[in-house]
**Student:** 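Quick one: the structure is below, and I'll ask about it shortly.
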Amino acid sequence: MHIPVLLNEVIEYLDPKPNENFVDCTIGQGGHTKLILDKISPNGKVLGIDLDKKQIDNCKHLKDNFKERLILVSGNYANIENILQEANFSSVDGILADVGFSSFQLEEGNKGFSFLKNENLDMRYNTEIQNELTAKVIVNEWTEENLKRILEEYGEEKFAKQIAKKIIEERSLRLRSGREKIETTFDLVEIIKKAIPLKFQHDRIHYATRTFQALRIVVNGELENLRKLLSQAVSVLNKDGRLVIISFHSLEDRIVKSYFNEEFKNNNIKILTKKPITAQDQEIMDNPRARSAKLRAIIKI
Ligand SMILES: C[S@@+](CC[C@H](N)C(=O)[O-])C[C@H]1O[C@@H](n2cnc3c(N)ncnc32)[C@H](O)[C@@H]1O
């Protein structure tokens with residue numbers, strides 16, 4: 001079960017009122033959407049998007065309650081303008097994006113997001129698209145230089161060089177001994193473990209966290225998708241419409257912050273959060289995932 005993060009804060013900054021229309025770019029399990037739909041009743045609508053078809057399927061039961069007030073679209077928020085056009089969803093009073101992955105996907109998604117479960121090294125949100133980049137392709141085919149670069153850039157991994165080197169060593173070892181490629185999450189965890197000095201293997205954050213994060217970001221083009229969403233979001237909003245972004249990674253937060261600053265300079269928006277809003281201690285205790293959540297919000301002028 002995924003617990004929606006910063007739920008009260010999302011409602012405070014989106015400020016949904018009866019009969020307004022919203023877009024939830026990352027509907028997930030529908031945690032935020034349900035509350036928004038309550039606030040915008042009786043006639044307000046939410047268009048909920050998710051890249052993971054399973055998440056859209058998980059939300060279908062919500063239509064029993066909310067009927068045609070909830071529109072579900074399986075797609076990439078990077079294409080928000082087209083999605084809205086195709087759904088004929090023309091008046092948008094607010095947009096929410098709670099980016100990244102959900103606890104459901106980590107625990108039951110079978111996508112290879114978790115280093116605690118032995119799964120296929122895939123990491124695509126949308127596994128229905130064929131011939132797309134997977135974590136397995138990166139780990140088995142990319143050069144040492146490129147592996148090091150993505151681990152540094154997207155994982156901020158201080159042992160990037162050592163991990164990249166070990167991956168390459170393991171690849172040639174497997175090739176020489178006629179073994180299969182690096183196939184599973186546990187294969188990769190084992191390699192990372194060999195690359196990281198023993199005294200760093202018992203930190204509060206698991207030693208495989210940063211490598212897994214970097215791979216997931218690259219496989220799904222997460223930063224690029226966020227940039228594309230931001231570049232369309234303000235223009236699809238109504239005047240006085242609100243945009244709320246929750247991110248979990250410093251690189252994402254930097255992108256949001258600098259985009260908001262630029263739009264502010266261009267006189268298109270007012271920034272509602274001078275500093276990012278973070279979770280209170282109680283929420284972090286109830287939902288450790290909330291620890292790294294950062295919420296930023298704007299209003300279109
Ligand atoms: C943190 S979860 C959202 C949870 C949701 N707010 C809730 O309360 O249940 C993020 C969701 O975004 C989806 N996602 C990731 N990248 C996406 C993209 N580019 N376009 C659409 N959905 C995406 C993931 O599949 C995941 O379901």
Side-chain angles (χ1 to χ4, degrees), residues 1-11 13-14 16 22-38 46-62 66 70-84 87 94-114 122-129 132-133 154 213 215-233 244-249 251-253 255-256 279 283 286-295:
M1 179 64 187
H2 179 86
I3 309 170
V5 299
L6 297 168
L7 186 56
N8 294 333
E9 292 82 354
V10 164
I11 296 300
Y13 284 99
L14 275 183
F22 286 80
V23 179
D24 184 345
C25 294
T26 52
I27 192 165
Q29 308 278 109
H32 294 105
T33 277
K34 277 187 275 185
L35 196 52
I36 297 170
L37 278 163
D38 283 337
V46 170
L47 181 130
I49 305 170
D50 207 289
L51 192 51
D52 182 352
K53 176 85 176 15
K54 255 195 222 157
Q55 297 281 60
I56 293 293
D57 290 342
N58 286 338
C59 284
K60 284 192 174 147
H61 74 279
L62 294 175
F66 299 108
L70 173 62
I71 300 147
L72 295 170
V73 177
S74 168
N76 190 331
Y77 56 59
N79 306 320
I80 185 168
E81 257 175 340
N82 285 342
I83 292 174
L84 296 185
I95 300 175
L96 168 67
D98 169 21
V99 303
F101 61 86
S102 73
S103 314
F104 169 82
Q105 289 166 317
L106 197 65
E107 281 144 32
E108 290 171 51
N110 200 23
K111 293 183 185 301
F113 285 159
S114 171
D122 189 313
M123 298 206 187
R124 291 169 300 164
Y125 287 114
N126 182 357
T127 44
E128 298 200 340
I129 298 178
E132 286 269 303
L133 184 64
Y154 304 117
Q213 172 186 292
L215 288 169
R216 200 199 72 233
I217 289 177
V218 174
V219 164
N220 295 289
E222 291 189 23
L223 303 184
E224 201 43 41
N225 286 337
L226 181 59
R227 283 193 198 96
K228 285 185 182 158
L229 167 67
L230 290 170
S231 71
Q232 301 161 63
V244 171
I245 309 276
I246 304 172
S247 65
F248 294 84
H249 189 288
L251 291 173
E252 290 164 347
D253 185 54
I255 290 171
V256 178
E283 179 174 357
D286 296 342
N287 180 14
R289 202 176 165 271
R291 184 186 303 277
S292 46
K294 289 204 166 93
L295 180 154

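First listed ligand is number 1; within each ligand, the first listed atom is number 1.
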**Student:** Report the part of Cys25 in contact with ligand 1, treating N, CA, C, O as backbone and CB onward as side chain, heavy atoms under 4.0 Å; options are side chain, backbone, both, neither.
**Tutor:**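 It is the backbone that touches ligand 1; the side chain stays farther off.
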
**Student:** Fit a plane to each ring of Phe101 and Phe113, take the angle between them on a 0 to 90° scale, and name the class: parallel (under 30°), tilted (30 to 60°) or perpendicular (over 60°).
**Tutor:**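 The rings of Phe101 and Phe113 sit tilted, inter-plane angle from 30° to 60°.
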
**Student:** Heavy atoms only: which of Ile56, Val5, Ile27 is nearest to atom 5 (C) of ligand 1?
**Tutor:**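 Considering heavy atoms of Ile56, Val5, Ile27, the nearest to atom 5 (C) of ligand 1 sits in Ile27.
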
**Student:** Under a 4.0 Å heavy-atom limit, does Tyr77 contact ligand 1 with its side chain, its backbone, both, or neither?
**Tutor:**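 It is both backbone and side chain that touch ligand 1.
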
**Student:** Please enumerate all residues that pass side-chain hydrogen bond (donor to acceptor under 3.5 Å, both in side chains) together with Arg227, with sequence neighbours excluded.
**Tutor:**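 Applying side-chain hydrogen bond (donor to acceptor under 3.5 Å, both in side chains) to Arg227 gives Glu224.
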
**Student:** Among Gly31, Ser103, Gly48, which one puts a heavy atom closest to atom 7 (C) of ligand 1?
**Tutor:**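 Among Gly31, Ser103, Gly48, the closest heavy atom to atom 7 (C) of ligand 1 comes from Gly31.
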
**Student:** Out of Val73, Asp98, Asp24, who gets a non-hydrogen atom closest to atom 4 (C) of ligand 1?
**Tutor:**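 The residue whose heavy atom sits nearest atom 4 (C) of ligand 1 is Asp98.
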
**Student:** Please state which option from Gly100, Ala293, Ser102 has its nearest heavy atom closest to atom 10 (C) of ligand 1.
**Tutor:**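 Nearest heavy atom to atom 10 (C) of ligand 1 lies in Gly100.
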
**Student:** So, regarding Phe248 and ligand 1 (criterion: nitrogen or oxygen to nitrogen or oxygen, under 3.5 Å), is there a contact or not?
**Tutor:**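 Not met; the criterion fails.
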
**Student:** Between Ser114 and Glu107, does any side-chain donor sit less than 3.5 Å from a side-chain acceptor?
**Tutor:**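 No, no side-chain donor-acceptor pair sits under 3.5 Å.
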
**Student:** Sequence neighbours left out, what passes ring pair (Phe, Tyr, Trp, His ring centres under 6.0 Å) with Tyr77? Give chain and number order.
**Tutor:**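 Not a single residue meets the ring pair (Phe, Tyr, Trp, His ring centres under 6.0 Å) criterion with Tyr77.
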
**Student:** Whether Arg291 engages the ring of Phe248 as a cation-pi pair (distance to the six-membered ring centre under 6.0 angstrom, angle to the ring normal within 45°) should be assessed.
**Tutor:**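 No - Arg291 does not lie over the ring of Phe248 by the 6.0 Å and 45° rule.
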
